[in-house]
> 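I have a structure here, written as structure tokens, and I will follow up with some questions on it.
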Amino acid sequence: MVNDDEVANRVRELMVEALDLRVGPEAIGSEMSLYSPVIQLDSLNLLQLLLAVESEFGGQIEDEDVMEADLENVGDFIGLVRRHVETLRTEAAA
């Protein structure tokens, strides 16, 4: 099982890979806006990032969960992924 720090670190790595960012994962802080000049998230990039996360952690993040997450910064996105991973853990334990 992965812990919360591992999830956060892997999400940052996936952001760099999926969005072809010109910075390393260590340069992406939790408070950084998803719409900053560094990340420049748009709907297509969000889809690519979600597919990368789903591939990495398994399962599917529901559209409703994404819409309700009010994604403004990297921390918000990491929180969404953590909740997704926790849901998968809970389902696996049942």
Side-chain angles (χ1 to χ4, degrees):
M1 292 283 172
V2 291
N3 66 36
D4 283 349
D5 288 340
E6 291 171 334
V7 169
N9 291 336
R10 187 60 187 135
V11 167
R12 287 183 176 95
E13 291 169 357
L14 289 170
M15 290 179 84
V16 170
E17 294 167 14
L19 304 178
D20 197 27
L21 301 182
R22 299 187 194 284
V23 299
E26 67 282 347
I28 301 173
S30 293
E31 297 301 317
M32 182 179 284
S33 171
L34 292 170
Y35 312 100
S36 70
V38 173
I39 299 175
Q40 300 180 8
L41 193 72
D42 60 22
S43 57
L44 181 58
N45 289 344
L46 177 59
L47 180 58
Q48 290 174 317
L49 186 54
L50 287 169
L51 291 172
V53 165
E54 291 170 349
S55 176
E56 177 73 18
F57 295 105
Q60 181 177 353
I61 300 176
E62 299 298 326
D63 293 343
E64 295 82 25
D65 294 336
V66 175
M67 298 298 280
E68 291 173 4
D70 194 29
L71 301 174
E72 293 293 324
N73 60 40
V74 172
D76 295 336
F77 187 77
I78 290 172
L80 172 67
V81 176
R82 283 181 175 150
R83 288 187 298 278
H84 171 68
V85 169
E86 186 59 36
T87 299
L88 292 174
R89 286 181 190 158
T90 303
E91 290 172 356

> Got a donor-acceptor contact below 3.5 angstrom from the Glu68 side chain to the Asp65 backbone?
no
> With sequence neighbours left out, write down each residue that passes side chain to side chain contact (heavy atoms under 4.5 Å, CB included) with Ser30, or none if nothing qualifies.
Arg12
> Looking at every non-hydrogen atom in both residues, tell me the closest pair between Val16 and Gly24 and how far apart they are.
CG2-C, 3.9 Å
> Test of understanding: with salt bridge (Lys or Arg N to Asp or Glu O under 4.0 Å), list the residues that count as partners of Glu86, not counting sequence neighbours.
Arg89
> Tell me which pairs pass side chain to side chain donor-acceptor pair (under 3.5 Å) where either residue lies in residues 70-82, with sequence neighbours left out.
none
> Ala69: which residues meet the side chain to side chain contact (heavy atoms under 4.5 Å, CB included) condition with it, sequence neighbours left out?
Leu71, Leu80, Arg83
> Passes side-chain contact (heavy atoms from CB on, under 4.5 Å), His84 versus Val7? Steps please.
CA-CA 11 Å; His84 171 68; Val7 169; over 6 Å; no
> Let me check something: any side-chain donor-acceptor pairs from residues 46-64 under 3.5 Å, sequence neighbours excluded? List them with distances.
residue: Glu54; atom: OE2; partner: Ile61; partner atom: N; Å: 2.8
residue: Glu56; atom: OE1; partner: Arg10; partner atom: NE; Å: 3.4
residue: Glu56; atom: OE1; partner: Arg10; partner atom: NH2; Å: 3.3
residue: Glu56; atom: OE2; partner: Arg10; partner atom: NE; Å: 3.2

> For Glu91, give me all partners under side chain to side chain contact (heavy atoms under 4.5 Å, CB included), at least two apart in sequence or on another chain.
Thr87, Leu88
> Quick one: which residue pairs count as a salt bridge (Lys or Arg N to Asp or Glu O under 4.0 Å) with a foot in residues 20-41, not counting sequence neighbours?
none
> Measure the CG-CG distance between Leu19 and Leu34 for me, rounded to the nearest 0.5 Å.
9.0 Å
> Mind checking the CG-CG spacing from Asn9 to Leu14? Nearest 0.5 Å is all I need.
11.0 Å
> Rounded to the nearest 0.5 Å, what separation is found between the CG atom of Asn45 and the CD atom of Gln40?
8.5 Å
